[in-house]
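Contents: one structure, followed by commentary.
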Amino acid sequence: MAQPWYKKLHWQIILGLVLGLIFGIIAAAQGWSEFTGDWIAPWGQIFLRLLLLIAVPLVLASLVTGVASLSDMKKLSRIGGKTIAIYIGTTVVALIIGLVLVNLMEPGASVPAEMRDKLQATFSEQAEAGMANAAQAAERGPLEPLVNMVPGNVFFAASNNRNMLQIVFFAIFAGIALLMIPKEKARPLLDFFDSLNDVIIKMVEIIMLSAPIGVFALMADTITSIAGDDLGEILELLGALGFYCIVVLLGLILHMILTYGSMAVFLTPRSIGQFMKALTPVQLVAFSTSSSGATLPVTMERVESELGVSEEVSSFVLPLGATINMDGTGLYQAVAAVFIAQVVGMDLDLSAQLTIVFTAVLASIGTAAVPGAGIIMLVIILESVGVPAAGIALILGVDRILDMCRTVTNVTGDATVATVVAASEGELEDVAVAA
Ligand code: ASP
């Protein structure tokens with residue numbers, strides 16, 4: 001007999017999310033921020049930490065086995081090349097959608113000058129902190145991102161989730177070396193990582209049982225931290241920046257429908273309905289954690305079990321995607337850069353906008369898969385086209401909300417590309433069709 005709807009995990013998570021939202025709004029209106037911070041937020045933190053806890057070992061185990069199971073270097077370079085090409089291609093499409101929308105809709109024109117000054121004054125301190133971070137990143141030479149990919153110490157790299165790209169590097173390298181040594185020598189290590197992989201996937205299943213509560217707490221905490229005890233302020237902020245938010249959201253939705261939708265329909269045998277069913281829990285976790293890194297374990301589990309992507313493909317394509325493929329972030333950065341330019345009265349010509357595309361593709365590769373990383377990289381983009389970086393003060397107030405939404409697009413992109421790559425390689429298993 002079919003399970004009743006309320007027993008299905010994604011409905012429970014949706015319920016958690018909606019209740020968290022309602023609770024957050026009531027808490028902000030009633031001045032319960034402290035109570036929420038003391039008694040509700042910790043449950044969200046625990047959920048988030050549980051996901052982050054398994055992110056590094058998951059990337060390591062799944063990539064090492066993923067690469068090593070590709071059986072030969074030719075297959076690895078074919079799948080690797082295809083994956084990276086699609087990742088970059090979809091990011092460029094996302095950026096173009098963002099740029100077209102922001103130029104056509106001109107959200108910057110609707111922000112009154114006094115609101116601009118107020119926003120700049122309110123968020124200047126936070127903006128300076130962000131700029132200092134980005135300045136450190138930009139100060140180093142042009143090849144710095146490449147240098148940063150290579151860890152000097154694997155344990156140090158593994159000790160910080162922001163260094164995921166270094167773990168990806170190490171894991172792919174180790175996987176390749178495993179392919180090159182005699183099979184009987186490779187076997188023990190492969191068996192070890194294989195078993196670690198299974199343990200972690202089981203841990204994901206267990207953690208996801210608490211997702212409805214975790215998502216509830218994360219939502220309630222996010223709302224009260226944004227709004228404090230004064231709901232009026234956030235409403236005023238949304239009033240001023242609402243049009244900008246709408247442009248970003250519209251871009252994200254269009255990209256998901258047009259780009260991912262057509263990839264799903266034309267390049268995979270799966271239906272849109274199957275994609276939606278498989279990815280709803282993934283998107284909800286991404287929305288409430290604002291971190292594609294934290295969502296990765298859930299993405300892998302759902303893509304394999306519901307869409308039938310083979311472990312071989314998913315364990316290579318998804319960890320790579322979570323770290324380098326951020327279409328939502330890129331789209332948001334393009335819109336934000338042009339929006340800030342519009343507000344401060346600067347005109348960005350075609351070559352400046354092409355510079356945005358180029359820098360944003362690189363920036364989205366370098367953006368860590370954690371909350372708020374996108375706005376730090378935005379500073380680098382702003383500097384590349386001569387827009388004052390202090391302008392991020394204008395958009396900081398609504399950044400968390402947009403972060404949640406762009407992370408949804410980021411993880412949806414990873415999952416779609418994984419399915420497309422699997423379909424093109426004949427690596428889609430039948431199990432999912434029955435699901
Ligand atoms: N939070 C985003 C992610 O993890 C990155 C960002 O845009 O800030 O995918």
Side-chain angles (χ1 to χ4, degrees), residues 44 47-49 51-52 54-56 58-59 87 90-91 94-95 98 126-127 129-131 133-134 137 160-165 167-168 215 218-219 222 225-226 244-245 248-249 251-252 255-256 260 279 282-300 317-337 339 356 359-382 392 395-418:
F47 174 63
L48 188 61
R49 282 191 184 195
L51 287 174
L52 289 171
I54 52 176
V56 166
L58 175 66
V59 169
Y87 277 154
T90 50
T91 307
L95 286 162
Q126 283 179 44
M131 276 155 58
N133 269 335
N160 186 342
N161 286 321
R162 284 185 172 264
N163 294 337
M164 206 68 99
L165 203 52
I167 295 295
V168 168
V215 166
L218 282 171
M219 284 309 297
T222 308
S225 342
I226 298 176
Y244 154 72
C245 293
V248 175
L249 291 182
L252 295 176
H255 185 55
M256 290 210 276
Y260 302 151
L279 297 185
V282 180
Q283 292 168 326
L284 292 169
V285 172
F287 185 76
S288 46
T289 59
S290 281
S291 166
S292 12
T295 313
L296 176 64
V298 189
T299 319
M300 292 191 71
V317 178
L318 289 174
L320 197 65
T323 31
I324 70 165
N325 180 50
M326 299 204 181
D327 295 0
T329 301
L331 189 149
Y332 141 84
Q333 285 166 334
V335 174
F339 170 75
I356 294 183
T359 338
V361 168
L362 292 181
S364 71
I365 293 176
T367 304
V370 297
I375 196 162
I376 302 207
M377 297 309 257
L378 175 62
V379 174
I380 295 172
I381 297 170
L382 290 176
I392 59 169
I395 54 168
L396 262 169
V398 289
D399 199 61
R400 178 62 197 230
I401 304 171
L402 296 180
D403 193 2
M404 296 158 87
C405 303
R406 63 191 188 238
T407 309
V408 171
T409 306
N410 291 345
V411 297
T412 309
D414 299 340
T416 311
V417 174

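Indexing begins at 1, ligand by ligand and atom by atom, following the structure's order. The figures here come from the full heavy-atom set of this structure, side chains too, leaving out hydrogens, waters and symmetry mates.
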Any donor-acceptor pair under 3.5 Å from Y87 side chain to G413 backbone: no

Nearest heavy-atom neighbours spanning V168 and P319: CG2-O, 4.2 Å

Side chain to side chain contact (heavy atoms under 4.5 Å, CB included) involving N410 - partner list, sequence neighbours excluded: S292, M326, T329

Geometric N/O contact A373 with ligand 1, under 3.5 angstrom: yes

Which of the ligand 1 atoms, numbered from 1, are nearer than 4.0 Å to a heavy atom of S291: 4 (O)

Check: D403 side chain, G372 main-chain N or O, donor-acceptor pair, under 3.5 Å: yes

Enumerated ligand 1 atoms positioned under 4.0 Å from heavy atoms of G374: 6 (C), 7 (O), 8 (O)

From CA spacing to verdict: side-chain hydrogen bond (donor to acceptor under 3.5 Å, both in side chains), Q283, T412: CA-CA 7 Å; Q283 292 168 326; T412 309; 3.0 Å; yes

Subset of ligand 1 atoms that lie under 4.0 Å from at least one heavy atom of R406: 6 (C), 7 (O), 8 (O)

Ligand 1 atoms in contact with T329 (distance to a heavy atom under 4.0 Å): 5 (C), 6 (C), 7 (O)

Subset of ligand 1 atoms that lie under 4.0 Å from at least one heavy atom of A369: 4 (O)

By side chain to side chain contact (heavy atoms under 4.5 Å, CB included) - contacts of L218 (at least two apart): F47, S288, T289

Winner among S290, S292, G328 once heavy atoms are compared against atom 9 (O) of ligand 1: S292

V370 N/O under 3.5 Å from ligand 1 N/O: yes

G372: numbered ligand 1 atoms lying under 4.0 Å from its heavy atoms: 8 (O)

Over all atoms of both residues, closest heavy-atom pair of A334 and I356: CA-CG2, 4.0 Å

Close-contact set for ligand 1 against T407 heavy atoms, below 4.0 Å: 1 (N), 2 (C), 3 (C), 9 (O)

